[in-house]
Structure formats: C-alpha cells, structure tokens
Amino acid sequence: MSMATKNTEKISPSPSLIKRGSARPYDPSLTEEKIYKAWERAKAFQPAVKKPRGKKSFSIVIPPPNVTGSLHMGHALNASMQDALIRYHRMKGDDTVWIPGMDHAGIATQNVVEKQLKKEGLTRHDLGREKFIERVWQWKGQSGTTISKQLRRVGSSCDWSRERFTMDKEYVRAVQEAFIHYAKKGLIYRGDRIVNWCPRCASSISDLEVKHEERDGLIYNLIYPLVDGSGSVVVATTRPETMLGDTAVAVYPSDGRYQELVGKKIKLPLTNREIPIVADHAVDKTFGTGAVKVTPAHDQTDWEIGERQKLQVINVIGEDGKMTQAVGLEYVGLPTSEAREKVLQKLQELQLLKGEPEKIRHNVSLCDRCSTVIQPLVSKQWFVKMGPLAKPAIIVAEKDLINFEPQRWKKVYLDWLTGVKDWCVSRQLWWGHQLPVWYCQTGRMTNDDKRMIKTNGHVVFSSVKPKKCLDCGGTDFIQDPDVLDTWFSSALWPFAVFGWPEMTDDLARFYPTSVLATARDIMALWVTRMVFSGLEFTDKNKYLPAKQYGKKNLSQQIPFKNVIIHPTVLNLKGQRMSKSLGTGIDPIDLINQYGADAVRFGLLIQTQQDQQALRFDENAVRVGRNFANKLWNIGKYIGSAKKAKTAPTLFDNWILQRLETVSEEVTVALDEFRFGDATRMLHAFIWDEFADWYIEVSKVPGLTSANVAKDVFKKCLVLLHPFMPFVTEELWKDFGDKKGMLINTAWPKFAKSRKKEIKEIKYFQAIVGELRSIRNLLGIPNGTKPVILLQTERNLKPLWPAIAQLSNFSEVVEKENGAKWVSLPATYCSKIALTTETLSTLPLKERLITMESDTKKAQEEIIKLEQRLIQMGDKAPVNVVQQQRELLVAKKLDLEKQQNGITALDTLIKRI
RNA sequence: GGGCGCAUAGCUCAGUGGUAGAGCGUUGCAUUCACAUUGCAAAGGUCGAAGGUUCGAUACCUUCUGCGCCCACCA
C-alpha cells in the first residue's frame, strides 16, 4: 500500500459535504453510516450515567425481534415510530433510553436449526440435547446480529450497551425466578390436559400458535348399536379413527329424538367397550343427526364434555401421531391415516357405515410454524392459573391506567383477558428455558435452598439442582426436560431487561416504561401477558403479591403507560408482505436505494390515526428521498447567502410566525403519536411555504433577512430530526451550533403567533397565483416578460418587485401611463391589465374558449348558492346565512370581473 | 357464529352539517436559476347503495352491499 493511499484514508472526519462542494443530488450513502458511527462514538444513544435531577424519564423497550429474524417492513415502521419518539424526548431533555434486544423464539428458532440438520440428514435426536443446543447457539451467533445491524441501518438510536437477549444468563435467572414465584404462590400446577399437539414439532403449542385453514374433507356417518339391541344411533365424524377412543355419545339435553336413549349404553364397534349416552349442552342439535361421538382424548370440545360428564379418557393417538397400545394389536403403531382406512373398512364389513361419505368444507387446525395438522391429545403439561393474574390486569385497563392507541384495542385486550383459560407453559422443545422443576428420585427433600419448596409428589421448584431432598434426604434429582413457552419469558421483558429481580438503578429509573409500540397481531399473545406479569412482579420491585389493587399502587407496576398498536404493512394490492409469497419488500433494499431517512419518512407519512393496515407505496419513499434532497439544496442555497443583520421584514415575520405554529403542531402531534400528521405538516411547511415562497421572495433584494432564513432552516432541521435523523445531522454541521450534534440539541420552544402578517401574505400569494394563471392561460412564452398593470384592494406597493419576480413579469405598474391597456379576467385583483401590444402577439382566440367555460362554472355556482339561500329561509342560523350571502356577493363580483375581461379581450380580437 | 375496521380523484389516503383536499400519477409549459430527486400551471370526484334526521348530509342514524382483520368447540 502506498503512502498516498494511506493518507487519503486518514482524511476524516471531514467538514460537511456542502462545504466540500459535494456533487448533487444528496447522496445518503456518503453520510448515513458515518453519522451513525459518530453518534455511537459520542455515546449519544446512552442516557447520562446517573439520572439527571428533575428530569422525567422516557423509556421504551423494543418488541424483541426473533433472533433468527430479519427486518421486514413492519419492523421498519415499528422502529421508525419508536426512534422518532425516542429522539424527540431525548431532545426535549428527558432522561431517555431505548432498550434493544432479541427473543430466543423457541419453536421458530429450533425449527430453523432442525431444517438445517435435515439437510445433513440428521435430526436433533441424533445430536442429543446438549449438542443440539450448542448448535442453536452457534446459529444464534451467526444470524443473531443480522437484525440489530439492520436496525442500525434504519437509524435506530437504541442504547446498544443495554442490549438484552431472552436467553442471557441474567435473563434466564429472571425467568426462573418468575416461575418459582408462581409456584410458591400456588399458581402453577401440572396436569393431564388436552393440548394442541404438533406431531412434527413433537410439542404442545398454544391456541394462539394454531392457525385455521378451510379444507375439503369427508364426513362419515357411523352406526353405533345399542347394547340392549333395541336399535342404534348414527353419529358423524371427519376423523373415523378417533372412534376407537370414544367414551360416550352425547345428545342435546332437550332433544326429543333421543330423550329416551339418554342413560342407555352403546356397544362401541371394533372394541369391547360399552359407552354411555349422555346429555350435554355443547351438542348442536341441528347438526347432522344431533348425536355426537365423544372422544375426550382427541378433541377440545369432547374433552370439555368429558370433564362435565366424568367420562373416561382413552389416548388412542400418541405423540408421534400414531395409534397407541390402547387400541389393540390390529391398529397399534399405524399412522392416523392408515388407521382411518382400516377402521372404515372394518365398519363397512360390519355394515356400520350409513350411506356414502359426504363432502364437507371444514376448518383444519395447523401448526402456525410448520403447517402440520394439529393433533389434539392429552398429555402432562404445566399450567399457570390465569384467574388471579388476569383480574388486576383487567382492572387497570378498565380504570384507563393504560392508554391504548387506537382506543378500540382496549376492548380486544379486555375481551381476551376476560375469557382467558389457564396458560399451558410447558413445551416439549430443547431450545428455551428449561423448567426449574426437579423430581426427587428417592422421595425425601431438604430445604437448604431458599427457593426450594415442597409440593406433593416429590417435586422441587428450584433454579439449581437441589442438594438434598427434605423428607427422604435423597440426592438424586432429575430436571423436567420441558422448556417454557417463549411468551413466558417475553412477558417479563419490560422489567427483566432492567435487571429484575435485582433492584437495579435502571429498574428504578426506567420502569415503568413510557410507550409500547407493536403490531396488532401480538396484542393477546404479548401485551396482556406483559401487563399481568408486570403487575405481579414489580410491586416495589419485590414481586410480592400485591395485596391492594389501589390505583396508586398499580399505576407504578403497569409496564407501560401507552400502547401504540400500529398498522400492519401490506403491499399495494392489500396483501400481507410475505417472503414466501414473494409479496415482501426488503427495507434494506429500499434503504440502499433511497436512504434510511427516505424510508423512515415514507413509512411514517403513510400512517394515520386509527388505521389498521398500511398499503405500502414505494412512491412515498421517493417523496422522502426527494424531500431529503430538497433540504440539501435549501442548505446549499441558504448556506451561500451572506450574513447580514437587518430589521425583520414582513416576510421574515410571516415565516417566523408560521414556524412557531408548525413547531407547536408538530410537538402536539408527536405527543399524540400522530406521526403521519407530523411528517405531512413538516413536508408542507418546508417545501410549500419556506422553499416555494419565502426563499423565492428572498431572491428579491431587501425583502427578507439572511439571518432569519438561517434561523428558520435551523429550526426545521431540529423539528425534522426525529423523522430524518441523518440528513438533518449532516446539515447541522453547517447550520448548527458549533458545540454539539443535532441529536443532542434542545427541542424548540414555541410562542403563540400573532397572525397579522399571515393574512397579508395570503393575499400576496393569491395575487401571484392569479398572475401566474393568467400567464399560463394566455400562453405568454416563458422568455417574454411584459409589464403588467395591477390594481389591488390593499396597498401592496412595497411587494411589487416580489410579485413581478414570482409571477415572471418585468414590472408592475398601477397607472395607465399613456399605453393602451386591456383588462383581463380577475378574481383577487381589482384590475389586471396588459398592453394591446403584448396581447396582440398571443393566441387569444383559443384562450377565450377556456375562459368562457370558466365563467359557466362560476354561473352554476352562483345559481346553486342562490337556491341554497332560498331553501334556508329563516331556518338556518343567522351567521350561516350571512356567510352564504357574502359568498354570493363575492362570487357575483368575480363573475363580473371575468366577464369584463372576456369582453375586453373579445373587442381586442375583433380590432386586431 | 361473535367482534372490529374500511369504502372520497387513476393509485395511496386526509377531511368537514353549508365552496371537495394532499401526495403520487396524468397533461401543458419551462433547463445559463440551491434543487429536473426541480419550478409554474392545468385536467380529473353523483364522496359504495338505499332509506331516515335536517332548511341543507360526503359527514349524523338505520339497513344493505363489497373488502379486510381478530376471536370461536361445530362433530
């Protein structure tokens, strides 16, 4: 490597790109990475070491993405919102922190690694648990940084020094602590329950991890003979093989057809068993024959009937999806599909099938992760009792101690918690938090571990292997092989990230958090569980049972004050963005193409209140990119102007007042989480008012002050920074205070505007607009700059140079100084006129047609107004009538001026 | 089956009991100008349908239609 190359590499940090006379347009790829690094170097994302006195804290915990995940548009939107809030509050001077991190995502991650193994022809069982977990950690190390890198690309100002992972040592401790606490409190139990079993994952999965799909199937009618030979009952099923596990036939209690049969017994075909006919309300008497076979072991509803009717439970399908020993030699070991064929064949032989099977479209339950058909079955699982936990979580929402945005989500939250069933928390996976449950192999237990508690059946709850059994002194323990549901650990996220169960400084300082921003699909799965976990575990950070659910107490324990449920990002056709469907867009591709500022801005500007879906339009990102470029060019232009302190002009005062208003509106919008409004307002103000009017006027000498232009621009950069952090930070090098970076600059305070100048400027703008229209209408070539005669209601003489410049006339005059003037159609001006000389060179004939059609429209409007006034009579409020009358007068005047203009032109044409 | 949301310009969406708005797209004009990732101008809408309330409804109420989402045990 030559010395020269080395030297060039050392040239950095550099002055701003503007000063280096950068090529246009603005190129985000030259700035974004450098700026992000500069922020990190400056530790700009970290709060002060100690909490500053008298400062409010503002904290957000990121919804932890799956460790194997990569950024999708939903994440990008999620991050853009959170970062906007974080940057805003940081600038406001709040004690601000944004905690990043990742979720180990039990099933999802395990599946990914299992798929890899499959390619090598291996299963996890070939490796064994330890090796397999090692392998998952390896994969985590490999892919786990992807999403955090991507979050950095977006510009997320997370405090990476506080990054957390749900499988970190400290976090594991929190999870164990929580489980053991529930156990001590008697909220944990183990039982045989019907669960959704995924034969492929070989694990139980929660209701929320099950998806439903409509499929075609066959429904068979089976004939069940009565024991006493007095007849038979016909039952329908889509899964004939489960009949081997039937332990009853159920009918609706008041169903006349079967009244006499209730209490009688059925001789269950293909088995030696006799099963009762029971009456249960769960039966729909209008469906099929009104009699239903009951298989408590393999159907959710049947399980519930079984509970009520005290029925026997016979497991006929095993965890491997094959028939169990319980069915007899003929079927044992058969996959359900084969067992079905065999059962049908047998029944056919016995003439116990009634008619041909019918086609039916029905819902099939599938595993959300691997789309395998769910097999409901009974197995031993650990449960958390939900009743006592849900109650306070319901109360805090009912008392509005949590603010949902949009509000209607409160109902969804409450509905879910109100109907919640006990939570099956055990999963038969290897990747996750292994249950802190130990089974004493000898029978006695000791209590030398503080956290060890005795339960029935020689079970010890402990984070470490117990040393001795309390009762029998046994030292032989086996840990339960199951792991906890991933959501069990995510539920602790808002406080576990701060070091709970230790009473850390961070926990005291940042908990409860300020805002939780998430997509709506994990409302039930996650938000509700964080709330009840928070209420349970953060009572003065001792996580003891909160005895009183008083308002004061609870509000300190709710993990967040605001829940923002943001829209799902869809594509333009309204389809879900999905990699597998090929309907997804990679945000990183967009960032590469347009820059992070553009992507953030483009996403946020498309959001609005109460929206449930966002149809992502790449055009919005282009708007963002163009806007960044516009800022860049404004910067170049204003930066080159000479500094000259002058007394504020009319235009100065106007733009300053508008700025105050916009500052206030943007601030309020941010406080109310209206990101779309905030970005739209800034875009409109900076582009349509500041650039198109103020800066254009500034090209006329003496009408504006350079220092005001700079001040306004500077404030614009501050206001825009939460949304477009990079380009604003880059420009700050030229416009900001020499001392610090924009990220640390104070959010502007605003004063009420007086609005006097605003009316004046509006009038000015209307006149310029009218003149520009006339230019276009008459087809005056751009190169031609005629003199124009103008008479206006207000005295605008000082602004004439500006009017001339902006509407592209050489000069504005007010008196008919000898030349021959022809009046033109006008609305805002009392009189607009051009010389015959100018007009005679123009294609007036064609233009007249357009003008005449315009007058027709005006006439129609007048008629409409007149009719409306008649209709109103004296029934409408006086002020409204008055307003309409004034409107009518104005319209009539406009029409008259237009008609005069047309007549004048017409005369002119005839003369020429 | 229960619940929720949406329907306004070609597209994505604001909005209001009394002139229908933006961005993108389209059309025309403009390139020695900070910016063509630009500027100026313009065209474009029975505000999903039907009733009701009202002097007046795109807006408020009811029903319907279409689309989307969530929850649920239909064999």
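Basis for what follows: all heavy atoms, side chains included, without hydrogens, waters or symmetry-related copies. In what follows, chains are A, B, ... by sequence order, proteins preceding strands, each numbered from 1.
Sequence order on RNA chain B of the closest nucleotides to A:H683 and A:R772 puts A:H683 first from the 5' end. Nearest-nucleotide positions on RNA chain B place A:Q611 closer to the 5' end than the other of A:W687 and A:Q611.
Comparing the P positions of B:U19 and B:U62 gives a spacing of 25 Å, expressed to the nearest Å. Straight-line distance between the C1' atoms of B:A36 and B:A30: roughly 11 Å, to the nearest whole Å. When the P atom is used for both B:A9 and B:G23, the distance is 16 Å, rounded to whole Å. If you take atom P in B:A14 and the same atom in B:C71, they sit 24 Å apart, rounded to whole Å. Rounded to the nearest Å, the gap between the P atom of B:G51 and that of B:G15 is 28 Å. Taking the P atom of each, B:U16 and B:G2 are spaced 32 Å apart, rounded to whole Å. Here, B:U54 and B:A59 have their P atoms 16 Å apart, quoted to the whole Å. For the C1' atom pair drawn from B:A75 and B:C6, the interatomic distance equals 35 Å after rounding to whole Å.
Among the nucleotides B:U19, B:C69, B:G18, the one closest to any side-chain atom of A:Q612 is B:C69. In the set B:C35, B:C69, B:G44, the nucleotide with an atom closest to the side chain of A:K857 is B:G44. Comparing atom distances between the A:N776 side chain and each of B:U12, B:A34, B:A41 picks out B:A41 as nearest. Side-chain proximity of A:R868 to the nucleotides B:C11, B:C55, B:U19 is greatest for B:U19. The side chain of A:K875 has B:C55 as its nearest neighbour among B:C55, B:G39, B:C35. Closest to the side chain of A:M872, out of B:G39, B:C4, B:G18, is B:G18. With distances taken from any side-chain atom of A:Q608 to the nucleotides B:A41, B:G56, B:A14, the minimum falls on B:A14. With distances taken from any side-chain atom of A:D617 to the nucleotides B:U19, B:U12, B:G18, the minimum falls on B:U12.
Across all strands shown, A:W409 has no heavy atoms under 4.0 Å from either base or sugar-phosphate atoms. Nucleic acid contact class of A:A282 (heavy atoms, under 4.0 Å, all strands): none. Within 4.0 Å (heavy atoms only), A:I219 reaches no atom of the nucleic acid at all. Contacts of A:K864 with the nucleic acid, taken as non-hydrogen atoms under 4.0 Å apart, are absent. In this structure, A:N808 reaches neither bases nor backbone, as no heavy-atom distance under 4.0 Å exists between it and the strands shown. Residue A:P877 is classed as a base contact, given a heavy-atom separation below 4.0 Å to a base. A:Q884 comes within 4.0 angstrom of sugar-phosphate atoms only, judged by non-hydrogen atoms across all strands, and of no base. When heavy atoms are screened at a 4.0 angstrom cut-off, A:R520 is found touching the sugar-phosphate backbone but no base atom.
As a whole-Å value, the separation of A:K636 NZ from B:A36 C1' is 13 Å. Look at CG on A:L869: it is 13 Å from C1' on B:U19, rounded to the nearest Å. Straight-line distance from the CG atom of A:L414 to the C1' atom of B:G3: 14 Å, rounded to whole Å. With rounding to whole Å, A:L570 atom CG is found 9 Å from B:G68 atom C1'. The separation between A:L417 atom CG and B:G3 atom P is 20 Å, rounded to whole Å.
Less than 4.0 Å separates RNA chain B from at least one heavy atom of each of the following residues of residues 298-305 of chain A: A:T301. Near-neighbour residues of RNA chain B inside residues 618-630 of chain A, defined by a heavy atom below 4.0 Å, number-ordered: A:N619, A:V623, A:R625, A:N626, A:N629, A:K630.
Salt bridge present: A:R622 and A:E618 bring a charged side-chain N and a carboxylate O closer than 4.0 Å. The pair A:K891-A:E866 does not meet the salt-bridge criterion, since no charged nitrogen lies less than 4.0 angstrom from a carboxylate oxygen.
With hydrogens and angles ignored, a donor-acceptor pair closer than 3.5 Å exists between the side chain of A:E696 and the base of B:A34.
For A:T295 and B:A75, the shortest distance from a side-chain N or O to OP1 or OP2 is not below 4.0 Å.
Judged by Watson-Crick or G-U wobble contacts below 3.5 Å, the nucleotide B:G45 has no partner. When Watson-Crick and G-U wobble pairs are counted only if both distances are under 3.5 Å, B:A57 pairs with no nucleotide at all. Pair assignment for B:A14 gives none, since no Watson-Crick or G-U wobble pairing has each distance under 3.5 Å. The base-pairing partner of B:G1, taking Watson-Crick or G-U wobble contacts with both distances under 3.5 Å, is B:C71. For B:C6, the paired base is B:G66 (Watson-Crick or G-U wobble, both distances below 3.5 Å). Pair assignment for B:G39: B:C29, on the basis of Watson-Crick or G-U wobble contacts that are both within less than 3.5 Å. Nucleotide B:A20 is matched to nothing when pairs are restricted to Watson-Crick or G-U wobble geometry with both distances under 3.5 angstrom.
For A:W409 and A:F404, the distance between ring centers is not under 6.0 angstrom.
Counting heavy atoms from C-beta on, the side chains of A:H298 and A:Q375 come closer than 4.5 Å. Within the 4.5 Å cutoff, side-chain heavy atoms of A:I634 are placed close to those of A:I686. At least one side-chain heavy atom of A:L604 sits less than 4.5 Å from a side-chain heavy atom of A:L77. You'll find the side chain of A:R239 stays beyond 4.5 Å of the side chain of A:T336, heavy atoms only.
Taking the six-membered ring where the residue is Trp, A:Y26 and A:W632 present tilted rings, their angle falling between 30° and 60°. Classified by interplanar angle (parallel below 30°, tilted 30° to 60°, perpendicular above 60°), the ring pair A:F627/A:W687 is parallel. Between A:F673 and A:F675, the two ring planes are tilted [angle within 30° to 60°].
The only option from A:I655, A:I638, A:V712 that meets the side-chain contact (heavy atoms from CB on, under 4.5 Å) definition with A:I695 turns out to be A:I638.
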* **side chain to side chain contact (heavy atoms under 4.5 Å, CB included) between A:N808 and A:R772, intermediate numbers included** => CA-CA 8 Å; A:N808 207 16; A:R772 283 167 167 175; over 6 Å; no
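Applying the salt bridge (Lys or Arg N to Asp or Glu O under 4.0 Å) test to pairs two or more places apart or on separate chains, those with a residue in residues 672-682 of chain A are A:E672-A:R674, A:R674-A:D677, A:D677-A:R680.
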